[in-house]
Amino acid sequence: MTTTNGQWFPPSWPDRIRALAAGTLEPVTPRQAATVMLLRDTPAGPAVHLLRRRASMAFAGGAYAYPGGGVDPRDERNVGWAGPSPAHWAARLGVDPAPAQAIVCAAVRETFEESGVLLADVADTTGDDWEAGRCALVSHELSLADFLTRRDLTLRSDLLAPWARWITPEFEERRYDTWFFVAALPPGQRTRDVSGEADHTVWLRPAEAAARYDRGEVRMLPPTIATLRQLASYATVADVLAAAPGRDLSPVLAHAALDGGQIVLTWPGHEEFTKRIGAAE
């Protein structure tokens, strides 16, 4: 693992970038994914829920991130649905209705799996029965559709708002096409430290989290720190949600170029992440 300030990137990148430039590396097809920035108001402004990935994780171990993960086949099942339709989401996300529904379902499922917060018509998700259901989702014993049906619940797509889209670089071994959503913590619910992929959870104001990153106290991938900086200017959660419909969802994809003996990494529109990696690194 290599860091500059708090920016994380894998040590395998230089060799893979050179192989991609030489035409000896075939890029992996990115898997669709969703991640959710859960927000709650505080007297000092909105706070966001962050997880620290376990150091043993193969990808971004030790880095802070939001609840989220890849879309899988169980997310494609029809589910009780309230709020903007899959067709509406398809138009907003720039995909067909079926994958749009799966992306939204993945966002809801992963948020519940990793934080215990369920974006549905429910006020309390604590207790042994809820925990058993959450574990069944994690183990793939249940689909989100079955989980909600058994409790006579409806997914609330109106609680989500799309914020950004980032695609893992072509030279990365594990690639994701990830939609970042914002959502207010539903009244009556609370986050729980339940993710098996995380060893620490925290609520932080975006500006505070970004300051810790700048001091090198925490590690983050570019999409995480970029979205935190974007959230830092809003005074309330309602302001964040009101701004979401105007957000540009054009995907951000890193580019790598060879400049003499160095690799130059750039993320279009995000100059702070530009990085020059020497030939010996």
Side-chain angles (χ1 to χ4, degrees), residues 32-41 46-49 66-126 130 133-134 137 142-166 177-192 227 230-231 234 236-251:
Q32 290 183 330
T35 191
V36 177
M37 297 176 276
L38 277 176
L39 301 166
R40 70 181 185 189
D41 283 313
V48 63
H49 183 63
Y66 310 114
V71 174
D72 68 37
R74 58 189 168 146
D75 297 318
E76 299 172 2
R77 294 192 54 186
N78 289 330
V79 62
W81 187 284
S85 68
H88 170 91
W89 282 100
R92 184 70 179 103
L93 301 180
V95 298
D96 290 334
Q101 174 185 300
I103 291 164
V104 172
C105 285
V108 173
R109 175 181 54 76
E110 288 283 348
T111 299
F112 183 59
E113 288 181 3
E114 297 194 352
S115 74
V117 170
L118 184 60
L119 300 176
D121 52 342
V122 61
D124 183 8
T125 60
T126 58
W130 286 101
R134 190 193 65 79
L137 285 171
L142 278 181
S143 67
L144 179 66
D146 288 339
F147 174 80
L148 294 176
T149 297
R150 291 183 182 185
R151 288 162 175 77
D152 195 26
L153 297 176
T154 301
L155 179 150
R156 291 279 304 278
S157 77
D158 57 311
L159 298 181
L160 285 166
W163 189 262
R165 180 184 179 187
W166 288 66
D177 183 352
T178 305
W179 279 264
F180 287 72
F181 297 88
V182 289
L185 180 68
Q189 295 197 45
R190 58 182 177 86
T191 56
R192 294 182 286 128
T227 49
Q230 292 161 359
L231 293 173
Y234 294 94
T236 67
V237 174
D239 291 339
V240 175
L241 297 176
R247 295 284 304 171
D248 181 4
L249 298 183
S250 300

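In this structure, the separation between OG on Ser143 and CG on Asp75 is 8.5 Å, given to the nearest 0.5 Å. Here Glu110 contributes atom CD and Leu144 contributes atom CG; the two are 10.5 Å apart, rounded to the nearest 0.5 Å. Rounding to the nearest 0.5 angstrom, the gap separating the CG atom in Leu118 from the CG atom in Leu153 is 6.5 Å. Taken from CZ in Arg134 to OG in Ser115, the straight-line distance is 9.0 Å, to the nearest 0.5 Å.
Residues satisfying the ring pair (Phe, Tyr, Trp, His ring centres under 6.0 Å) criterion with Phe181, sequence neighbours excluded, are Trp89. Take Asn78 and apply the side-chain contact (heavy atoms from CB on, under 4.5 Å) test, not counting sequence neighbours, and it matches Gln101. Scanning for side-chain hydrogen bond (donor to acceptor under 3.5 Å, both in side chains) contacts around Thr236 gives Asp239, with sequence neighbours left out. Applying the salt bridge (charged side-chain N to carboxylate O under 4.0 Å, His left out) test to Arg247 and every residue at least two apart in sequence or in another chain returns nothing. By the side-chain hydrogen bond (donor to acceptor under 3.5 Å, both in side chains) test, Thr149 pairs with no residue at all, sequence neighbours left out. Qualifying salt bridge (charged side-chain N to carboxylate O under 4.0 Å, His left out) partners for Asp72, counting only residues two or more places apart in sequence or in other chains: Arg74, Arg109. In terms of the salt bridge (charged side-chain N to carboxylate O under 4.0 Å, His left out) criterion, residue partners of Asp158 (sequence neighbours excluded) are, by chain and number, Arg156. With sequence neighbours left out, the side-chain contact (heavy atoms from CB on, under 4.5 Å) criterion links Ala243 to Trp163, Tyr234. For Pro46, the side-chain contact (heavy atoms from CB on, under 4.5 Å) partners two or more places apart in sequence, or in a different chain, are Asp41, Val237. Every residue two or more places apart in sequence or in another chain that forms a side-chain contact (heavy atoms from CB on, under 4.5 Å) with Thr154 is listed here: Ala82, Asp121. The side-chain hydrogen bond (donor to acceptor under 3.5 Å, both in side chains) search around Asp248 returns Ser250, not counting sequence neighbours.
In this structure, Trp179 and Val71 have side chains that are not in contact, with every pair of non-hydrogen atoms separated by 4.5 Å or more. By the 4.5 Å heavy-atom criterion applied to side chains, Val182 and Val36 are not counted as neighbours. Using a 4.5 Å heavy-atom cutoff, the side chains of Val104 and Trp81 are in contact. Under the 4.5 Å side-chain criterion, counting only non-hydrogen atoms from C-beta, His49 is in contact with Pro67. With contacts defined as side-chain heavy-atom distances shorter than 4.5 Å, the pair Val117/Phe112 does not qualify. No side-chain heavy atom of Thr178 sits less than 4.5 Å from a side-chain heavy atom of Gln32. Looking only at side-chain heavy atoms (C-beta outward), Leu93 and Ile103 come within less than 4.5 Å of each other.
Ala145 approaches Val79 most closely through the heavy-atom pair CA-CG2, 4.0 Å. Residue Pro86 comes nearest to Ala100 through the heavy atom pair O-CB, 3.9 Å, listed as atom of the first residue, atom of the second, then distance. Here the closest heavy-atom approach between residue Gly70 and residue Ala106 is recorded as O-CB, 4.5 Å. Minimum interatomic distance between Ala184 and Leu241 (heavy atoms only, all atoms of both residues): CB-CD1, 4.3 Å. Taking all atoms of both residues into account, the shortest heavy-atom contact from Ala242 to Pro245 is O-CD, 3.3 Å.
A side-chain donor-acceptor contact under 3.5 Å links Gln189 to the backbone of Val122. Of the possible polar contacts, one joining the Thr125 side chain to the Gly116 backbone as a donor-acceptor pair under 3.5 Å is found. A donor-acceptor pair under 3.5 Å is absent between the side-chain atoms of Thr35 and the main chain of Phe180, judged by distance alone.
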Item checked: Residue pair Met37, Val240: steps toward the side chain to side chain contact (heavy atoms under 4.5 Å, CB included) verdict -> CA-CA 11 Å; Met37 297 176 276; Val240 175; over 6 Å; no
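A side-chain contact (heavy atoms from CB on, under 4.5 Å) with Ser157 is found for exactly one of Leu155, Leu160, Leu159, namely Leu155.
Under 3.5 Å, the side chains of Tyr66 and Thr227 contain a donor-acceptor pair of N or O atoms.
Residue pairs meeting the salt bridge (Lys or Arg N to Asp or Glu O under 4.0 Å) criterion with at least one member in residues 76-105, sequence neighbours excluded, are Arg77-Asp146.
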